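Nothing here was measured: the structure is a model prediction, and the numbers come from that model. Excluded from the calculations below are hydrogen atoms, water molecules and symmetry mates; all remaining heavy atoms, backbone and side chain alike, are included. Throughout, residue positions are numbered sequentially from 1 according to the sequence presented.
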Amino acid sequence: MLMMGVRFTRVVAAVALAGGALVASVGTASAAPSHHEPGHHHQRCQVVQGHFERTWHPATRDRHGKRHPGYWTRTWVPTHQVCER
């Protein structure tokens, strides 16, 4: 009799989990964002390949008051998409 109760609760738990997953999937499908917004149909997008850009670091003073001149470094900019309207 005890084994029957354990099996029954496992079946009930499995059915409840499956029902909850079904309700959750319906809720997320209806809440998906729409990508068809007004005014966005004239965008021109292009992929810009990764490249180095020159970055200026201005002059600074250290904790002793000594001035260190500014300098240029090369900074990597990864591949990204640029869209213009």
| request: Please lay out, stage by stage, how Arg54 and Thr73 fare under the test side chain to side chain contact (heavy atoms under 4.5 Å, CB included). | output: CA-CA 6 Å; Arg54 294 177 67 200; Thr73 59; over 6 Å; no

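- Summarising the geometry, atom CZ belonging to Arg61 is positioned 10.0 Å from atom NE2 belonging to His68; distances are rounded to the nearest 0.5 Å.
- Side-chain contact between Thr55 and Arg74: absent, with no pair of heavy atoms (C-beta onward) separated by less than 4.5 Å.
- At a threshold of 4.5 Å between non-hydrogen side-chain atoms, the residues Val48 and Gln81 do not count as touching.
- For the atom pair OG1 of Thr79 and CD of Gln49, the computed distance is 4.5 Å after rounding to the nearest 0.5 Å.
- How far NE2 of His51 is from OG1 of Thr75: 10.0 Å, rounded to the nearest 0.5 Å.
- Using cut-offs of 30° and 60° for the angle between ring planes, the Trp76 and Phe52 rings count as perpendicular.
- A distance of 12.0 Å separates CZ of Arg67 from CG of Asp62, quoted to the nearest 0.5 Å.
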